[in-house]
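Right, one structure below, let's go through it.
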Amino acid sequence: MDDQIDQVAEMIRTAESIVVLTGAGISAESGLRTFRGASQADLPANMQALWKEFDPIKLATPEAFDADPAGVSKWYDWRRLGCLAAEPNPGHTSLAEIERRAAARSARFTLLTQNVDRLHQKAGCRNVVELHGSIIQWRCTSCETKVTPGLDPMPAFPQRSSCCPTDQKAILRPDVVWFGEALPFEALRATDEALATCDLFLSIGTSSVVHPAASFIQVAAGNGAHTVEINPEATPISRMVDVSLRGKSGEVLPRIVEALRG
Ligand code: BJW
């Protein structure tokens with residue numbers, strides 16, 4: 001793996017426009033559960049991938065929220081509190097350092113994340129595009145006003161929107177993207193722009209099965225970008241990337257940063 005680490009460090013050192021796509025795996029070492037992935041013998045049942053314990057159809061679709069706004073809100077508030085309590089791990093902080101180093105030599109760096117936990121921003125990353133929204137922020141189902149609930153559990157499920165007191169149907173929903181919903185327009189615009197110029201694409205901690213994010217690598221590769229994957233498991237893109245680093249991002253990324261420093 002040492003040679004591959006050096007190879008990726010050299011790609012980062014010479015790239016003019018770096019795009020990083022992250023998924024739930026990069027936050028696993030911060031104690032946040034992934035959605036999918038192999039069972040991990042060293043973890044208890046309540047720390048295994050979320051979709052092993054919960055049904056995404058009953059939680060992560062607009063239809064599920066319409067059918068059970070109380071249950072879905074409660075589940076998302078439980079996860080919101082977990083994200084608020086989590087801290088960035090060495091994978092997050094390494095990406096923030098890679099961004100700083102790119103900025104210092106006027107190279108472009110765009111971090112596209114499918115994560116809703118805001119840990120990249122907490123680690124100091126600046127140019128972050130939230131493809132699937134944020135669980136830290138909620139929005140009114142009537143007027144779309146965004147609110148940031150506090151550190152305590154929300155007082156009611158569902159929570160009525162204070163911005164629309166006369167609208168009986170106005171409630172808060174997490175500002176995330178559920179299956180069947182379009183990704184935020186501005187996030188897609190920023191993604192298109194970054195992919196068009198990118199000469200290095202790193203896919204980190206994502207199972208690469210959820211679209212449209214799963215197809216970004218093909219766009220980047222089609223434009224001639226070098227491609228790298230960091231993941232302890234094989235994914236549908238593992239065989240197409242230029243370099244596949246099979247390991248945890250919290251261990252592999254600090255080694256890449258070490259190589260950049262040296
Ligand atoms: C580690 C690690 C360590 C572990 N270090 N790694 C084309 C083909 C087929 C289907 C579709 C298609 N286009 C669209 C669809 C439908 C659908 C889709 O993709 N379905 C597939 C599942 C089949 N897509 C959508 O519906 C999207 N919307 C859309 O396309 O809209 C079109 C539209 C246009 C106009 C009008 C209307 C509609 C929306 C997708 C939204 C996804 N939402 C979720 C929930 C967000 C809220 C929440 O948090 O609850 O997003 S689902 C969930 O999956 C979440 C994640 O962001 C997303 C991706 O998961 P991710 O990040 O890859 O995590 P995991 O768990 O899957 O993988 C973790 C990885 O980490 C594993 O590989 C591990 O090995 C690894 N790992 N430890 C590094 N330490």
Side-chain angles (χ1 to χ4, degrees), residues 20-40 42-43 47-65 72-80 82-83 86 88-92 94-95 111-120 129-139 173-185 187-188 191 202-218 228-238 241 244-256:
V20 179
L21 171 68
T22 62
I26 195 164
S27 295
E29 289 154 272
S30 293
L32 298 180
R33 295 165 71 173
T34 60
F35 297 92
R36 308 166 190 82
S39 298
Q40 296 188 45
D42 53 331
L43 292 179
M47 280 305 291
Q48 300 289 342
L50 283 166
W51 296 157
K52 287 190 198 304
E53 186 179 349
F54 303 100
D55 180 355
I57 304 298
K58 293 191 180 140
L59 292 161
T61 65
E63 293 78 16
F65 185 67
V72 172
S73 299
K74 195 170 181 185
W75 189 73
Y76 272 93
D77 195 46
W78 166 68
R79 284 190 45 222
R80 179 184 75 87
C83 291
N89 66 59
H92 296 107
S94 297
L95 285 179
L111 200 157
L112 310 175
T113 188
Q114 298 168 86
N115 298 345
V116 296
D117 54 35
R118 293 250 160 110
L119 287 182
H120 286 303
V129 176
E130 293 180 324
L131 298 166
H132 294 164
S134 166
I135 204 170
I136 306 301
Q137 192 168 277
W138 291 47
R139 69 171 195 260
R173 60 157 280 180
D175 193 27
V176 300
V177 180
W178 283 321
F179 286 115
E181 293 187 317
L183 275 60
F185 177 81
L188 288 175
T191 299
L202 296 104
S203 175
I204 305 174
T206 173
S207 57
S208 295
V209 295
V210 174
H211 292 268
S215 55
F216 294 165
I217 192 162
Q218 272 136 341
V228 176
E229 179 179 53
I230 302 175
N231 197 312
E233 291 175 33
T235 76
I237 67 163
S238 300
V241 292
S244 169
L245 289 163
R246 207 53 76 73
K248 295 181 175 182
S249 46
E251 295 168 4
V252 173
L253 282 165
R255 287 178 64 190
I256 293 172

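One-based numbering, in listed order, for ligands and for the atoms of each.
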- Query: side chain to side chain donor-acceptor pair (under 3.5 Å) with Glu63: which residues, sequence neighbours excluded?
  - Reply: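 With sequence neighbours excluded, Glu63 shows a side chain to side chain donor-acceptor pair (under 3.5 Å) to no residue whatsoever.
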- Task: Applying salt bridge (charged side-chain N to carboxylate O under 4.0 Å, His left out), name anything that partners Asp175, two or more places apart in sequence or on another chain.
- Result: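 Asp175: salt bridge (charged side-chain N to carboxylate O under 4.0 Å, His left out) contacts with Arg139, Lys146.
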- If you look at every heavy atom in Arg33 and Glu53, which pair is closest and at what distance?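 Of all heavy-atom pairs spanning Arg33 and Glu53, the closest is NH2-OE1, 2.6 Å.
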- Query: Looking only at heavy atoms, which two atoms of Val72 and Phe65 are closest? And how far apart?
  - Reply: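 Distance-wise, the nearest heavy atoms are CG1-CD1, 3.8 Å.
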- Task: Would you mind checking if Asp77 and Lys74 are paired as a salt bridge, meaning a charged N to carboxylate O distance below 4.0 Å?
- Result: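 So Lys74 does not pair with Asp77 through a salt bridge.
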- Task: Collect the protein residues that have a non-hydrogen atom under 4.0 Å from ligand 1 and hand them over in chain and number order.
- Result: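 Close residues (ligand 1, cut-off 4.0 Å): Gly23, Ala24, Gly25, Ala28, Glu29, Thr34, Phe35, Arg36, Tyr76, Arg79, Gln114, Val116, His132, Val176, Val177, Trp178, Phe179, Gly180, Glu181, Ala182, Leu183, Gly205, Thr206, Ser207, Val209, Val210, His211, Pro212, Asn231, Pro232, Glu233, Lys248, Ser249.
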Can you give me every donor-acceptor pair (side chain of residues 206-218, partner residue at least two apart or in another chain, under 3.5 Å) with its distance?
| unit_1 | atom_1 | unit_2 | atom_2 | d |
| --- | --- | --- | --- | --- |
| Thr206 | OG1 | Gln114 | NE2 | 3.0 |
| Thr206 | OG1 | Ser208 | N | 3.2 |
| Ser215 | OG | Pro212 | O | 2.7 |

